[in-house]
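Okay, structure first, notes after.
Just so it is clear, the values below take in all heavy atoms, side chains as well, and ignore hydrogens, waters and symmetry mates. Residue indices begin at 1 and follow the sequence shown.
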Amino acid sequence: MESTESYPEELTNRSPEPSDDESAEKPTHVRFLVSNAAAGSVIGKGGSTITEFQAKSGARIQLSRNQEFFPGTTDRIIMISGSTKEVVNGLELILDKLHSELHAEEGSDVEPRRRLRLVVPNSSCGGIIGKGGATIKSFIEESKAGIKISPLDNTFYGLSDRLVTLSGTFEEQMRAIDLILAKLTEDDHYSQNVHSPFSYAGLSYSGFHGHPYAYVLPSVATAGYNSANYAHNGSGGRYQNHQKEEAGTTVTIGVSDEHIGLVLGRGGRNIMEITQMTGARIKISDRGDFMSGTTDRKVSITGSQRAIQQAETMIKQKVDSASERDTE
């Protein structure tokens, strides 16, 4: 993206910054999740984009390393730190870029509602919720954004962060972030998390203690190996073929024909990413070659049990994310 001196138009359209000078200058931070591809877009060629955004906003912008994901996802973490004003400006620049690129790809004149997942310590979520849910209700009414707080995932030992999902337009999301960040900054304990923003590599989960990667969803990792069924999300049953090959076992799952493009990705980007990250080999059946009695395409995954589970999890996540967008 070419460097420009002007900020996005949305910066001048939103509600005024908080007038409390002490709050505006108090050090704070925000963490949120992005896909690997989006992380690359934020960094830019040779780090040009992230350098530009830091210079414009005055904030410090950090990303978790490649393949250093938030537990249960295949998403990297971005942390923006500085004063409240600097953090908000940095976040606006990043989200404006990501939203603009997605908008250009989709070619629609209407701005869609998108999701943004903030990473918030469990100890700070009570302040966002408020007594009887009063605070989060007021934030939803004021911002017009959807705000959902995930339960703490106890499957990952040592995980103390929860995801706060904001759904809405760019404008709605930024209004919600203003409100949430102001509330978080009131919490003196919240600022302590700035010193270890990406400390997930040592986490383990039931069944694979000490496993160094965090992108296997616990719902798959702890389930019976042949029990997964994703039909309600557009991908069908799961069948183990017991075909022993040099690389291991082959498992075939069904993915609805309409969602197969999500598995492939543009130019095969998604399937290449899954293959590189898991070490599994993935083969998709030709059009018209369906699982028996269904209209689901066959997706054959070959590798070790761990590689198969990881690949299956990533495929399910891509299908699930589309299903969630369809229902919003």
Within this structure, what is the [atom1]-[atom2] distance for the pair [X] and [Y], rounded to the nearest 0.5 Å?
X: L95; Y: I177; atom1: CG; atom2: CD1; result: 5.5 Å
X: I61; Y: Q54; atom1: CD1; atom2: CD; result: 5.0 Å
X: I50; Y: Q62; atom1: CD1; atom2: CD; result: 8.5 Å
X: K183; Y: I128; atom1: NZ; atom2: CD1; result: 9.5 Å
X: S143; Y: Q173; atom1: OG; atom2: CD; result: 9.5 Å

Closest approach of [X] and [Y], non-hydrogen atoms and distance?
X: A59; Y: I80; result: CB-CG2, 3.6 Å
X: V87; Y: G82; result: CG2-N, 3.5 Å
X: G127; Y: T135; result: O-CG2, 3.6 Å
X: I77; Y: F69; result: CD1-C, 4.1 Å
X: C125; Y: V120; result: SG-CG1, 3.9 Å
X: S124; Y: D187; result: OG-OD2, 3.0 Å

Hey, is the main chain of S150 close enough, under 3.5 Å, to the side chain of R162 for a donor-acceptor pair? yes
Q | Side-chain donor or acceptor of R297 paired with backbone N/O of S285 under 3.5 Å | A | yes
| said: Check this for me: does any side-chain nitrogen of one of E171 and R175 sit under 4.0 Å from a carboxylate oxygen of the other? | reply: yes
Electrostatic pair K97:E52 at N-O distance under 4.0 angstrom: no
Who passes salt bridge (charged side-chain N to carboxylate O under 4.0 Å, His left out) against [X], sequence neighbours left out?
X: R76; result: none
X: E142; result: none
X: D188; result: K26

Taking only residues two or more places apart in sequence or in another chain, which ones pass side chain to side chain contact (heavy atoms under 4.5 Å, CB included) with [X]?
X: T295; value: none
X: A311; value: I274, T278, A280, I282, I301
X: I140; value: I136, I147
X: V34; value: F32, A38, A39, I78, L98

For [X], give me all partners under side chain to side chain donor-acceptor pair (under 3.5 Å), at least two apart in sequence or on another chain.
X: D75; answer: R117
X: S48; answer: none
X: D289; answer: K298

Before you tell me yes or no, could you show the steps for V299 and I260 under side-chain contact (heavy atoms from CB on, under 4.5 Å), namely the whole-Å CA-CA distance, both residues' side-chain angles and the distance that decides it to 0.1 Å? CA-CA 9 Å; V299 179; I260 207 70; 3.9 Å; yes
Q.
Could you go through F70 and L163, starting from their C-alpha distance and side-chain angles, then the distance that decides it, and tell me whether this counts as side-chain contact (heavy atoms from CB on, under 4.5 Å)?
A. CA-CA 10 Å; F70 185 83; L163 295 179; 3.8 Å; yes
Quick one: sort the F170 and H99 rings into parallel, tilted or perpendicular, breaks at 30° and 60°.
perpendicular
Let's go through Q310 and M277 carefully: what are the C-alpha distance in whole Å and the side-chain angles of both, what is the deciding distance for side-chain contact (heavy atoms from CB on, under 4.5 Å) to 0.1 Å, and is it a yes or a no? CA-CA 9 Å; Q310 292 170 351; M277 288 184 178; over 6 Å; no
Going through the distances and angles, do V251 and Q305 end up as a side-chain contact (heavy atoms from CB on, under 4.5 Å)? CA-CA 9 Å; V251 167; Q305 284 198 2; over 6 Å; no
query = Going only through I, L, V, M, F, W and Y residues with side-chain contacts under 4.5 Å, is there a path from V255 to F290?
reply = no
